[in-house]
Amino acid sequence: MAIELQALPYEQAALEPHISANTLSFHYGKHHAGYVNKLNNAIEGTDYAGKTLEAIVIDSNSSGDQGIFNNAAQIFNHDQYWLSMTPDGVEAPGGALGEAIEREFGSLEALVDQMKSAAASLFGSGWVWLASKDGALEIVSTRNAETPLVDGKLCLLTIDVWEHAYYLDFQNNRVAYVDVFFDKLANWKRAAELYK
Ligand code: MN
């Protein structure tokens, strides 16, 4: 059973004018799809074949199978990233997540400021996450394909800060992309559902 390319949760043009259909056609259609093809080729005939994506990420991390891990984790990370954005507008989370954010960060604005700083200052390629473990919230920066999943953390929201995520629309201006992600696209509704 091969690992599938998860369908995008919206049309490729749905995030315009913030992120273009052109960016999504490369980012989803070439980069993300490429990780899926490479992983399926790499696991064929191995003990990884038939495992779930999450199990492949966790097991390849423990065994030090770096090539398998890089592709599997990048698939998992991109699956989370597409779901971390919504074309329906940014809506502050209520409920348990809203309360936890106020308790641990003071306000959503304070949390977002810290995540923006983490995304702007991450050197090279990687990801910035809002994750939780046993209910406690945490901002996590990971390099390359690394993912909080391997530490047993729940991934609530993530921004991809590899250059391929923004270069076509923003060139080298990562800060402008990070601002657009949090100000126009962040899907707190899904984060709140996962946290609950
Ligand atoms: Mn990416």
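Numbering of ligands and ligand atoms starts at 1, following listing order. Please read all numbers here as calculations on a predicted model, not as lab measurements.
With sequence neighbours excluded, the residues that form a side-chain hydrogen bond (donor to acceptor under 3.5 Å, both in side chains) with Asp169 are Ser20, Thr23. Under the salt bridge (Lys or Arg N to Asp or Glu O under 4.0 Å) criterion, Asp151 pairs with no residue, sequence neighbours left out.
Within the protein, the number of N, O or S atoms lying under 2.8 Å from the Mn ion (ligand 1) is 4.
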| What's the verdict on side-chain hydrogen bond (donor to acceptor under 3.5 Å, both in side chains) for Gln74 and Trp127, showing C-alpha distance, side-chain angles and the deciding distance? | CA-CA 10 Å; Gln74 281 294 80; Trp127 301 79; 3.1 Å; yes
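Between the side chains of Trp82 and His32, at least one donor-acceptor pair of N or O atoms lies under 3.5 Å.
Annotation: ring-ring contact (aromatic ring centres under 6.0 Å, His included) contacts involving residues 34-76, sequence neighbours excluded, comprise Tyr35-His78.
Under a 4.0 Å N-O distance rule, the pair Arg174/Asp179 does not qualify as a salt bridge.
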